Undergrad: 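Next up is a structure, given as structure tokens.
Just so it is clear: chains get the letters A, B, ... in the order the sequence lines come, proteins before strands, and each one is counted from 1. Because the structure is predicted, anything quoted here is derived from the model rather than measured.
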Amino acid sequence: MTVVTRFAPSPTGFLHIGGARTALFNYLFARHHGGKFLLRIEDTDRKRSTDEAIAAILHGMKWLNLDWNDGTTYQSQNVDRHREVVELLIAEGKAYRCYCTPEELAAMRESTKFSGGSTRVYDGRWRDREPAEAPADIKPVVRIKMPLDGETTIHDLVQGNVTKANDTLDDFIILRSDGTPTYMLAVVIDDHDMGVTHAIRGDDHLNNAFRQHHLFTACGWQPPDYAHIPLIHGTDGAKLSKRHGALGVDAYEEMGILPEAMCNYLLRLGWSHGDDEIISREQAVEWFDLGNVGRSPARFDMNKLTNLNAHYLKVATPERLAAIILSDTEVVGKNLSTDAERRLIEGMPGLASRANNTRELIDSSYFYILNNPIPMNGKALSMLADSTARETLKALAELLQKATSWNEIKLDRMVRDFAECRDLKLGKIAQPLRAALTGSHVSPSIFEIMAVLGRDETLARLENSAN
RNA sequence: GUCCCCAUCGUCUAGAGGCCUAGGACACCACCCUUUCAAGGUGGAGACACGGGUUCGAACCCCGUUGGGGACGCCA
């Protein structure tokens, strides 16, 4: 049997961290087993679903490089099939119409709270009532008959065996009074129709698994294997919600996080492979299994994400990073040097090892991509305001003019010798030089920079600042 | 309130009864390197929630307590 997993987000908002990890796990599990990974948009609640949310989810999936099979399924397109199954269930006496009003339901909720607070709210009052008693002015919902006694055990691939008494489950609604299917019904039918073999989803669905189990049984189908993965919590330990900085993955993209860093981080949140921390997509596919998914919730830690991101920045190709910088909206409008791309690529090792994210990378790369004269920050300005510093730079420029070759090692030697001759500490020269070349007091190695900039550009910038 | 789940350094985790004086990573501290800032290197501090069992032996198994989380919608 080939493995089929699915990610089934509801399009009511962005693709958040937790959803992204669920998608990742489903993807990895399917790929590991050479099976299929499906995407199904759970839009049965048309009122709350938006096109923007769908676009955000699709975008997030693509950004994370989680490709899915067989196109995108929209649950709302299967309503006819959903209704058909409901009719069948009614005909077989496994489901029934319920004419309770919302007010009656609210009253039931109140009374269960007083009488001990049972999980079972609906009292089943229409379960065995004659259809002839139905009030004509009320549009009924359809409820599924749940077993009245006994217990049900789910063999969860992550949580182990979980058992629940059947009398804690009430007859839940499968078809709304407006004739639309509920989530509970739609997942079951669609999972069956799509041949889903493994349902990997958030822990918050664990209780639903029991309801769905009985719905599957009523339909005469085999439920998929379940794997309920723990939720991701905020730094404070509470459920990740919009209030707790549960940002969409697009927000991290904007922060300058690389998708592979995000995937690596998410993977290690709740799953482990010994002491391995840096795990490529290929290794993840090879290693991933449900047995090593932890059972306790994890807290989101920006520090670790940042650290991972810094790592992936260091190993990314200069060409790729240069392209990211050059296509950034903040950079695009600027008056760039014709030499910008070459400089970026050559200077990238020095730049990338100092950045935590692409935003920092961009900020630190302006001195390479901009034309002379480059903007100066306050500290650079004050360093260059010193007249002896400027004298030194002028003398250095004269020396550099005579350089017979122009590379990092040679420049290093020349500047050091120059400092020694003048009985100056290297820093006395390096800092004004840095200010002149980069407009900043912080940068990669100035020798590397001079080499990348080239003789003409270096001298031009020195000239600019020394006078 | 009822039901379900969970519990190792601050955080993510390794750990499947003796390999544990509990390992790694992030963060933190110190030192080294050093033209700035990073990176890198070395070292340090830091945890088995508590109480009972079971066993020759328990972080690991069982029970309880406490703590945390989740679910109780004509949302998904």
Undergrad: Could a donor-acceptor pair under 3.5 angstrom be found where the side chain of A/Arg354 meets the base of B/rC37?
TA: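 Side chain to base: pair found, below 3.5 Å.
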
Undergrad: Does a salt bridge link A/Asp193 with A/Arg81, judged by any charged N lying under 4.0 Å from a carboxylate O?
TA: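 A/Arg81 and A/Asp193: salt-bridged.
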
Undergrad: Any strand is fair game: report the nucleotide pairing with B/rC72 by Watson-Crick or G-U wobble, both distances under 3.5 Å, or none.
TA: B/rG1

Undergrad: Tell me which nucleotide, if any, is Watson-Crick or G-U wobble paired with B/rU66 when both distances must be under 3.5 Å.
TA: B/rA7

Undergrad: Regarding B/rG70, can its base be found pairing with the side chain of A/Asp203 as donor and acceptor, where the two atoms are less than 3.5 Å apart?
TA: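 Between B/rG70 and A/Asp203, which were checked side chain against base, a qualifying N/O pair under 3.5 Å is absent.
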
Undergrad: Quick one: on RNA chain B, does A/Asp43 or A/Ala430 contact a more 5' nucleotide (nearest heavy atom)?
TA: A/Ala430

Undergrad: Within this structure, what is the OG-CZ distance for the pair A/Ser443 and A/Arg434, rounded to the nearest 0.5 Å?
TA: 4.0 Å

Undergrad: Give A/His233 one of three labels, base, sugar-phosphate or nothing, depending on what nucleic acid heavy atoms sit under 4.0 Å from its own.
TA: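 Sugar-phosphate, no base atom in range.
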
Undergrad: Checking all strands, does A/Phe447 fall into the base, sugar-phosphate, or nothing category for heavy-atom contacts under 4.0 angstrom?
TA: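 Touches a base.
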
Undergrad: Is there a donor and acceptor pair closer than 3.5 Å between the side chain of A/Arg299 and the base of B/rU11?
TA: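 Looking at the base of B/rU11, it does not pair with any donor or acceptor on the side chain of A/Arg299 (distance under 3.5 Å).
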
Undergrad: How many whole angstroms separate atom CG of A/Asp170 from atom C1' of B/rC74?
TA: 13 Å

Undergrad: When all nucleic acid strands are considered with a 4.0 Å heavy-atom cut-off, which category describes A/Leu269: base, sugar-phosphate, or nothing?
TA: sugar-phosphate

Undergrad: Touch check for A/Thr163, heavy atoms < 4.0 angstrom, all strands: base, sugar-phosphate only, or nothing?
TA: sugar-phosphate

Undergrad: Quick one: label A/Lys314 by what it contacts on the DNA or RNA (base, sugar-phosphate, nothing), any heavy atom closer than 4.0 Å.
TA: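 Since only primed, P, OP1 and OP2 atoms lie under 4.0 Å of A/Lys314, the category is sugar-phosphate.
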
Undergrad: Give one of base, sugar-phosphate or nothing for A/Arg268, where a contact means two heavy atoms less than 4.0 Å apart.
TA: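 Since a base atom lies under 4.0 Å of A/Arg268, the category is base.
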
Undergrad: At under 4.0 Å between heavy atoms, what does A/Val162 touch on the DNA or RNA strands: base, sugar-phosphate, or nothing?
TA: sugar-phosphate

Undergrad: Mind checking if A/Ser353 touches a base, just sugar-phosphate, or nothing, with heavy atoms under 4.0 Å?
TA: base

Undergrad: If you look at every strand shown and take non-hydrogen atoms under 4.0 Å, does A/Gly350 touch a base, only sugar-phosphate, or nothing?
TA: nothing

Undergrad: Would you indicate what A/Cys100 reaches in the nucleic acid, counting non-hydrogen atoms under 4.0 angstrom: base, sugar-phosphate, or nothing?
TA: base

Undergrad: For A/Asn161 and A/His155, test the side chains for any donor-to-acceptor distance below 3.5 angstrom and give the result as yes or no.
TA: yes

Undergrad: So, A/Tyr265 versus A/Asn309: side-chain donor-acceptor pair below 3.5 Å or not?
TA: no

Undergrad: Take atom P in B/rC61 and the same atom in B/rC6, then report the distance between them in whole Å.
TA: 11 Å

Undergrad: Under 3.5 Å, sequence neighbours excluded: what are the donor-acceptor pairs made by side chains of residues 417-425 of chain A?
TA:
none

Undergrad: Could you tell me how far B/rG73 sits from B/rG68 if I compare only their C1' atoms? Round to whole Å.
TA: 25 Å

Undergrad: Taking pairing as Watson-Crick or G-U wobble with both contacts under 3.5 Å, can you name the mate of B/rU36, or confirm there isn't one?
TA: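 Its partner is none (no Watson-Crick or G-U wobble pair with both distances under 3.5 Å).
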
Undergrad: Could one point to a donor on the side chain of A/Ser445 or the base of B/rU35 with an acceptor on the other under 3.5 Å away?
TA: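 Result: at least one qualifying N/O pair found.
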
Undergrad: Between B/rA71, B/rA76, B/rU35, which nucleotide has the shortest distance from any of its atoms to the side chain of A/Gln431?
TA: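 So the nucleotide nearest the side chain must be B/rU35.
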
Undergrad: Looking at A/Ser177 and B/rC74, is any side-chain donor or acceptor paired with a base atom of the opposite kind under 3.5 Å?
TA: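 Between B/rC74 and A/Ser177, which were checked side chain against base, a qualifying N/O pair under 3.5 Å is present.
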
Undergrad: Using atom C1' of each nucleotide, how far apart are B/rU42 and B/rU34 to the nearest Å?
TA: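 After rounding to an integer number of Å, I get 16 Å for this pair.
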
Undergrad: Looking across every strand, which nucleic acid part, if any, lies under 4.0 Å from A/Pro230 by heavy atom: base, sugar-phosphate, or nothing?
TA: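 The residue A/Pro230 makes no contact with any strand.
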
Undergrad: Between the base of B/rC3 and the side chain of A/Lys164, is there a donor and acceptor pair under 3.5 angstrom?
TA: no

Undergrad: Do A/Asn208 and B/rA71 share a donor-acceptor pair, side chain to base, under 3.5 Å?
TA: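 Answer is no: no donor-acceptor pair is held.
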
Undergrad: Both distances under 3.5 Å, Watson-Crick or G-U wobble: report the partner of B/rA30, or none.
TA: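 Paired with B/rU42.
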
Undergrad: At under 4.0 Å between heavy atoms, what does A/Ser364 touch on the DNA or RNA strands: base, sugar-phosphate, or nothing?
TA: nothing

Undergrad: Should B/rC20 form a Watson-Crick or G-U wobble pair with both distances under 3.5 Å, which nucleotide is its partner?
TA: none

Undergrad: Salt bridge (charged side-chain N to carboxylate O under 4.0 Å, His left out) between A/Lys139 and A/Asp178: does it pass, once the steps are laid out?
TA: CA-CA 8 Å; A/Lys139 284 191 162 247; A/Asp178 65 0; over 6 Å; no

Undergrad: Hey, which sits more toward the 5' end of RNA chain B by its nearest nucleotide, A/Gln159 or A/Val442?
TA: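 First, find each residue's nearest nucleotide; the 5'-ward one identifies A/Gln159.
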
Undergrad: Taking the six-membered ring for Trp and the full ring for Phe, Tyr or His, determine whether the centres of A/His214 and A/Phe216 are under 6.0 Å apart.
TA: no

Undergrad: Going by purine N1 to pyrimidine N3 plus the second Watson-Crick contact, or the G-U wobble pair, all under 3.5 Å, which nucleotide sits opposite B/rA14?
TA: none

Undergrad: Taking only the P atom of each, what is the distance from B/rC26 to B/rC20 in whole angstrom?
TA: 22 Å

Undergrad: With a non-hydrogen cut-off below 4.0 angstrom, is A/Leu231 in contact with a base, only sugar-phosphate, or nothing?
TA: sugar-phosphate

Undergrad: Please assess A/Arg83 against A/Glu87 for the test salt bridge (charged side-chain N to carboxylate O under 4.0 Å, His left out), listing each intermediate value before the final yes or no.
TA: CA-CA 6 Å; A/Arg83 288 197 190 109; A/Glu87 284 310 317; over 6 Å; no

Undergrad: Please state the P separation for the pair B/rA14 and B/rA30 - nearest whole angstrom.
TA: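 Roughly 31 Å separates the two P atoms.
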
